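Worksheet: the structure to be examined is printed underneath.
Just so you know, these numbers use all the heavy atoms, side chains as well, and skip hydrogens, waters and symmetry mates. These numbers come from a predicted model, not from an experiment.
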Amino acid sequence: MSDEEHHFESKADAGASKTYPQQAGTIRKNGHIVIKNRPCKVVEVSTSKTGKHGHAKCHFVGIDIFTGKKLEDIVPSSHNCDEVPHVNRTDYQLIDISEDGFVSLLTESGSTKDDLKLPTDDALLTQIKDGFGEGKDLIVSVMSAMGEEQICGLKDIGPK
């Protein structure tokens, strides 16, 4: 045995999984699924009949919830889709927009969240900047899945 010290880097979160398994045949339109390692909202599901020796297949068409790209996947309907993402939506009050495109948000506990960039969607970006410039109280909806977060919606709760 050696006298070397062993160092272990801890890169784990609280052990919560970013995805959960679900049988492919039970996933419906407007549900969520992971296609090519991207969390997607299912916009179309079609099921083919079984072949002579095969399984029925589910054909999923999904839209990436962060980039808006269309992705497709085919999975046997009796098999588990190992990856159905945990998708959460949280509302925060907008406090400030920095020069470098990051937003400062107020959480429910009263602390601030400063690690989110402005959205890439031009219409939403314009609404946020204009509303903030006019001094309105804005609530932004933040969607999070698989370790990614992005502003996906906006509510105006009136002038400050």
Side-chain angles (χ1 to χ4, degrees), residues 7-46 58-75 79-160:
H7 295 284
F8 295 99
E9 276 188 50
S10 176
K11 293 183 179 174
D13 50 18
S17 175
K18 294 175 180 161
T19 61
Y20 61 94
Q22 185 174 346
Q23 191 171 337
T26 64
I27 297 171
R28 300 280 171 244
K29 188 175 175 180
N30 293 329
H32 293 92
I33 187 173
V34 175
I35 302 175
K36 297 184 178 110
N37 290 325
R38 300 294 305 156
C40 299
K41 182 171 186 167
V42 178
V43 292
E44 189 182 314
V45 179
S46 55
C58 289
H59 176 246
F60 295 105
V61 178
I63 305 284
D64 188 315
I65 60 176
F66 296 121
T67 65
K69 287 185 181 162
K70 184 176 177 181
L71 298 164
E72 297 185 46
D73 197 9
I74 297 174
V75 182
H79 289 201
N80 267 357
C81 279
D82 293 331
E83 298 188 328
V84 176
H86 291 285
V87 179
N88 296 314
R89 186 182 229 125
T90 315
D91 290 345
Y92 298 102
Q93 185 168 352
L94 180 66
I95 302 172
D96 192 21
I97 300 174
S98 66
E99 295 292 317
D100 57 358
F102 281 86
V103 293
S104 185
L105 305 172
L106 184 66
T107 65
E108 289 212 356
S109 63
S111 58
T112 59
K113 179 174 179 58
D114 301 308
D115 59 348
L116 269 175
K117 277 182 112 49
L118 283 164
T120 51
D121 176 33
D122 289 333
L124 187 58
L125 178 65
T126 306
Q127 281 183 307
I128 291 172
K129 284 188 168 180
D130 290 352
F132 186 74
E134 293 167 16
K136 292 180 180 171
D137 261 342
L138 300 176
I139 300 289
V140 293
S141 292
V142 176
M143 183 150 346
S144 62
M146 298 178 65
E148 284 185 63
E149 291 182 309
Q150 182 175 306
I151 295 172
C152 62
L154 178 69
K155 287 183 220 153
D156 181 1
I157 55 172
K160 284 186 179 174

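The shortest side-chain heavy-atom distance between Leu106 and Leu94 does not fall under the 4.5 Å cut-off. The shortest distance between side-chain heavy atoms of Val34 and Met146 falls below 4.5 Å. Counting heavy atoms from C-beta on, the side chains of Val75 and Asp73 come closer than 4.5 Å. A 4.5 Å side-chain heavy-atom check between Gln150 and Met143 finds every atom pair outside the cut-off. Side-chain contact between Leu105 and Leu116: present, with at least one pair of heavy atoms (C-beta onward) separated by less than 4.5 Å. Arg89 is listed as a side-chain neighbour of Cys152, based on a closest heavy-atom distance under 4.5 Å. Using a 4.5 Å heavy-atom cutoff, the side chains of Asp115 and Phe102 are not in contact. Looking at Leu124 and Ile151, their side chains come closer than 4.5 Å, going by heavy atoms from C-beta outward.
Summarising the geometry of Phe66 relative to Pro39, their closest heavy-atom pair is CE1-CG, 3.7 Å, with the distance given to 0.1 Å. In terms of heavy atoms, Ile27 sits closest to His32 at CG2-O, 4.4 Å. A pairwise comparison of heavy atoms in Asp91 and Ser141 identifies OD1-OG, 2.7 Å as the closest pair. Listed here is the closest heavy atom pair of Asp156 and Lys136: OD2-CD, 3.1 Å. In terms of heavy-atom proximity, Val87 sits nearest to Ala145 at CG2-CB, 4.0 Å. For the pair Phe132 and Leu138, the tightest heavy-atom approach, listed with the atom from each and the gap, is N-CD1, 3.6 Å.
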### Message
Would Tyr92 and Thr107 count as a side chain to side chain contact (heavy atoms under 4.5 Å, CB included) here? Give the steps.
### Response
CA-CA 6 Å; Tyr92 298 102; Thr107 65; 3.6 Å; yes
### Query
Can you list the steps and then say if Thr120 with Leu125 is a side chain to side chain contact (heavy atoms under 4.5 Å, CB included)?
CA-CA 7 Å; Thr120 51; Leu125 178 65; over 6 Å; no
### Task
Mind running side chain to side chain contact (heavy atoms under 4.5 Å, CB included) on Ile95 and Thr112 for me, showing each step along the way?
CA-CA 9 Å; Ile95 302 172; Thr112 59; 3.8 Å; yes
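For Asp130, the side chain to side chain contact (heavy atoms under 4.5 Å, CB included) partners are Thr126, Glu134, not counting sequence neighbours. In this structure, the salt bridge (charged side-chain N to carboxylate O under 4.0 Å, His left out) partners of Asp64, at least two apart in sequence or on a different chain, are Arg38. Take Val45 and apply the side chain to side chain contact (heavy atoms under 4.5 Å, CB included) test, not counting sequence neighbours, and it matches Val42, Phe60. The side chain to side chain contact (heavy atoms under 4.5 Å, CB included) search around Asn30 returns Lys41, not counting sequence neighbours. For His59, the side chain to side chain contact (heavy atoms under 4.5 Å, CB included) test picks out Ser46, Val61, Glu72, Ile74, with sequence neighbours left out. Judged as a side-chain hydrogen bond (donor to acceptor under 3.5 Å, both in side chains), and not counting sequence neighbours, Asp96 has no contacts.
The NZ atom of Lys117 sits 12.5 Å away from atom CD1 of Ile97, with the distance rounded to the nearest 0.5 Å. Separation of atoms CG (Asn88) and CD (Glu149) is listed at 9.5 Å; rounding is to 0.5 Å. Between the SG atom of Cys40 and the CD1 atom of Ile63 there is a distance of 8.0 Å, given to the nearest 0.5 Å.
The existence of a salt bridge linking Lys18 and Glu148 is excluded, since no basic side-chain nitrogen approaches an acidic carboxylate oxygen closer than 4.0 Å.
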